[in-house]
Q: 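Can you read through this structure? Questions will come right after.
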Amino acid sequence: MSEQYQPHAIEVKWQRKWEATELYRSQVDWDKPKHYALTMLPYPSGDLHIGHWFAMTPSDARARWMRMRGYNVLFPMGFDAFGLPAEQAAISRNIHPWKWTYANIERMREQLRSMGAMFDWEREAISCTPEYYKWSEWFFKRFYEHGVAYRGSALVNWSETLQTVLANEQVIDGKDERTGQPVVQKMMEQWFFAITKYADELLDFEGMDWPESIKIMQTNWIGRSEGARATFHTETGGHPIEIYTTRPDTLWGATFMVLAPEHDLVARVTSDEQRAAVDAYVRQTAQETEIDRMVEDREKTGVFTGAYAINPVNDEKVPIWIADYVMITYGTGAIMAVPAHDQRDFKFARAHDLPIRVVIQPEGLAEPLTEPAMTEAYDGPGVMVNSDAMDGSVSTWRKGRKNPAINRVIDWLEATGKGEEAVNYRLRDWLISRQRYWGGPIPMMYADDQIIPVPDEHLPVELPEDVDFVPTGRSPLTYHEPFFKVDETLRRETDTLDTFMCSSWYQLRYLSPNCDTAPFAAEEAAYWLPVDVYTGGAEHAVMHLLYTRFFTKVLRDIGIYDDAAAAMRKNGRDPIGVFDEPMTVLRNQGQVLGGERQGDFVLCSGRVVGERMQAERVEVVDWNEVPAGFEGFFGEIGHRTENILHLNMAGVTSFVEVLPDAEIVIPHIPGENNVNQLQHHLDIQRMSKSKGNVVNPDELVAEYGADVVRCYLMFNFDWQKGGPWNENNIKGPQGWLNDVWKIAEAGAPSTPGDAAAERDIVRKLHQTIAIVNRGLEEFSFNTAIAEQMKFKNSLKAALRAQAIGADVWRDVMSQVIRLLAPFAPHIAEEIWARLGWEYSVHQQPWPQYDADKAREETVDLVVMINGKPRETIAVAADIARERAEELALASGAAQRSLAGNTPKRTIFVPGRNGGDPMVNIVV
RNA sequence: GAGGAAGUGGCGGAAUUGGCAGACGCGCAUGACUUAGGAUCAUGUCUCUUUGAGGUGAGGGUUCGAGUCCCUCCUUCCUCACCA
């Protein structure tokens, strides 16, 4: 009697065996092609989320596939273990970040193991260990030596909630991306990485197979714009005011200037009469958060400084204003305002009654454009007017030098020394220091005003354990004298590194996590780099994915890869371009959302007070089953806050207050019921603990087994899109694996096969191989599994018909199980062993696709009339055009449509790739 | 406001990239086996006025032929956002 498929009995068994036999150890082997598959490492928050499974198990399947295809595959895993949550846990739960983090890592390692993934744990790297952050510090020093890391004063994002500064990338809509709390701008001295030096190179995605959307997001984030810089001088003091503009062709239309309220010159140029008003405005804007300043269609407020500047192009006197629509963080923090040709300047001019002068005249207007008639700025093409010698220049939609008018004006500015061509970026330098404890120490010291790097031989600067975690706006390390006081004169830096720095190079640490003489072993880097396929979420588009590119380029430029390049040459590989980018191919998975759930349908009876019922009895009944004559309130629980139910019925919401001693009847929950057991409606939305729609992978594994969960995640979604969770669908993959198991357990047929049927099943097998290959290649895991299900159905039918003999059965099964192995590694291994084949299935060669075997002998000739399919005729696969057209014209459908007439034309399309040929008859 | 992605049965989703729309799965229906069925097996399942015809958010276009390409519009999601 054959055994049933019991996942739990086999999964842990094989996981242990794989580990014991070091099945997934990956070692440098110059004789084999390498494949570095990487999936984003988790933050050890405590529990593995279903999202981790969704990101990682398909990546694992693909890595396994590459391995079976003969690649030497590296697929490592680790933890991005520094960061705020550990410190928050320390504050709120009084547990040390080390303890909290390491306990979580322990737990998550076990959860990761339960996936049955081919992670090489020997290569695990944890960013919060001294062995790791020693090298983060070491990199910081190298960056400092090469002028990439510098200490500077800048207006930075300060989070009151977190009591730390944040990088621009960590601020979304003026709020901290983690807590959603507002962020204010503060002038502070901090450590920066000069990422802007690499802006242009980071815009170049040559040779990178990354999603277009990520490239676009990075491009927009870097925000390169082309234009000119010009310097205005104040009328009296002669203070230079530098401005940047993308429209130098409108310089003659500048009728006023605007400084950002934070601009240095504001205090100096303001006249005595205006000082009170200006100070008040500056104070007011300083109190506004970024959010206030970003409200759409905000009224254009501002104040006149009392000062005037001279426009260098025409020596005109223009008033200088301050306004919060000019941002200190972009360009020079000062603008020339051209109200006729810029919407914001136009609104400001109208609001404050400032002059507007047209200097670009659009062509083809009946009446020339003049100021009084304008209701908005004109920012289109035209001819320069009122611009002295530049009059008549043609301005187009093009930007920069490609616009003839701009080109001419820039030449003139440069020739006369009044300005110059300029490129501006939205990207700011990367603010790297954090006023927090749980991060890599910055290996710097101070003696008076001098900055002194910690000598390499003293690295790592270790984090002390006995610190207070009370957030005060300064790093907890500033209260730890033994840490910061090196001697009487030397003081350590007490800020720590942004965690994104640690995760910018983890792909390198995996190569040799135990190396203590260098961040990574040159020989390993020479073999494995770059990462061939990187998978993870798109939310890192302008953070991690930009930082790690920057990091890679800096390492290349300061010679960190030189030894690796030499090792490559020694082994006959060309290092050119290998160290320019960290990851060649990037794919983003979508997000698994919480599933939709109906709320309980309830009947409530009690007293109606006003519009609300005070219920004494609430009964859950079958959907829409309202007993005749029921007098109370009823409907689906759309929402529940404490004991108030919001009932939805036919689009109307009614409210029911469940009294404390009310009788609650929920037939499907035994025992006494209470109000908290009533289920409310859940919409499709992101999973979160507070919404109560999270899915726990451990519970799923306990119920269905890891293989079923893996296959469900790969089968039920378009991986790159994600979608709502629906556990009902898990029955599909479960049934599939069950069927494969049963076919294997039934053993080889004892009846002889039928030659034609056997040829057919082998043909279908090879068609399946082709589609599984394509699915894995293109991250279309759902189609790769669907095709295997389909083949299983065919095989099952053929076996039922007793059409397959033992030899073919064995050959087919050997390939079916190998196809299955990347997706469901445990069951594949078990069946492989039960069929008596050699351990391990994961070391077997991938089934070889044979186009000859896959080819159909007969195909369906599709007869179309005017492009509509009307009939099919079975024909030989290699049918010639003449014969196909002859058959098509003779078909019933053609005869009916033609009714004796001759067709206008016929089009023959041969079957492509073994597909069906077609004849289209135009009548 | 700028940029991007997407819209296909009751549901998740396919469609070899311009060539039989709805693969595969869920659900549902009918039947078989069964004391029982949330098990298993079989069959069916886009719609309609069914010798046929129509159908991929709406409308138009290109083409022998359009889910796929082009234009206009609608809807949803994502990113950035007073960027000078």
Q: Rounded to the nearest Å, what distance is computed from the CD1 atom of residue I222(A) to the P atom of nucleotide rA2(B)?
A: 23 Å

Q: Using ring-ring contact (aromatic ring centres under 6.0 Å, His included) as the criterion, point out the one residue from W725(A), W53(A), Y704(A) that pairs with Y712(A).
A: W725(A)

Q: Within the structure, does a side-chain N or O atom of N920(A) lie under 4.0 Å from either OP1 or OP2 of rC20(B)?
A: no

Q: What is the distance from CE of M918(A) to P of rA66(B), rounded to the nearest Å?
A: 11 Å

Q: Compare side-chain N and O positions of R426(A) against OP1 and OP2 of rC82(B) and report whether any pair is under 4.0 Å apart.
A: no

Q: Has N728(A) got a side-chain N or O lying under 4.0 Å from the OP1 or OP2 atom of rC11(B)?
A: no

Q: Check the pair S225(A), Y425(A) against side-chain hydrogen bond (donor to acceptor under 3.5 Å, both in side chains), reporting the backbone distance first and the verdict last.
A: CA-CA 6 Å; S225(A) 78; Y425(A) 300 92; over 6 Å; no

Q: Kindly point out which of rG3(B), rA14(B), rA84(B) is positioned nearest to the side chain of D718(A)?
A: rA14(B)

Q: For rG27(B), take OP1 and OP2 only and decide whether either is under 4.0 Å from a side-chain N or O of K731(A).
A: yes

Q: Between W221(A) (CH2) and rA81(B) (P), how many Å, whole number?
A: 5 Å

Q: Does R344(A) place a side-chain N or O at less than 4.0 Å from the phosphate oxygens OP1/OP2 of rC83(B)?
A: yes

Q: Using only side-chain N and O atoms of R896(A), determine if any of them is under 4.0 Å from OP1 or OP2 of rG52(B).
A: yes

Q: N793(A) near the nucleic acid: base, sugar-phosphate alone, or nothing, with a heavy-atom cut-off under 4.0 Å?
A: sugar-phosphate

Q: If you check the R905(A) side chain, which of rC24(B), rA14(B), rC64(B) turns out closest?
A: rC64(B)

Q: Hey, does V862(A) reach any base, or is it just sugar-phosphate, or nothing, if we go heavy atoms under 4.0 Å?
A: base

Q: Is any NZ, NE, NH1 or NH2 atom of the basic residue among K399(A) and E226(A) found under 4.0 Å from an Asp or Glu carboxylate oxygen of the other?
A: no

Q: Between E885(A) (CD) and rG19(B) (C1'), how many Å, whole number?
A: 15 Å

Q: For rA15(B) versus rU68(B), give the span between their P atoms, rounded off to a whole number of Å.
A: 15 Å

Q: Just by distance, do the side chain of D707(A) and the backbone of I827(A) share a donor-acceptor pair under 3.5 Å?
A: yes

Q: For rC41(B), take OP1 and OP2 only and decide whether either is under 4.0 Å from a side-chain N or O of R800(A).
A: no

Q: Return yes if some donor-acceptor pair links the side-chain N/O of R870(A) with the main-chain N/O of I865(A) below 3.5 Å, else return no.
A: no

Q: Think Y244(A) has a side-chain N or O under 4.0 angstrom from the OP1 or OP2 of rA84(B)?
A: no

Q: Do the side-chain N or O atoms of K790(A) get closer than 4.0 angstrom to the phosphate oxygens (OP1, OP2) of rG25(B)?
A: no

Q: Rounded to whole angstroms, how far apart are CD on E539(A) and C1' on rC77(B)?
A: 15 Å

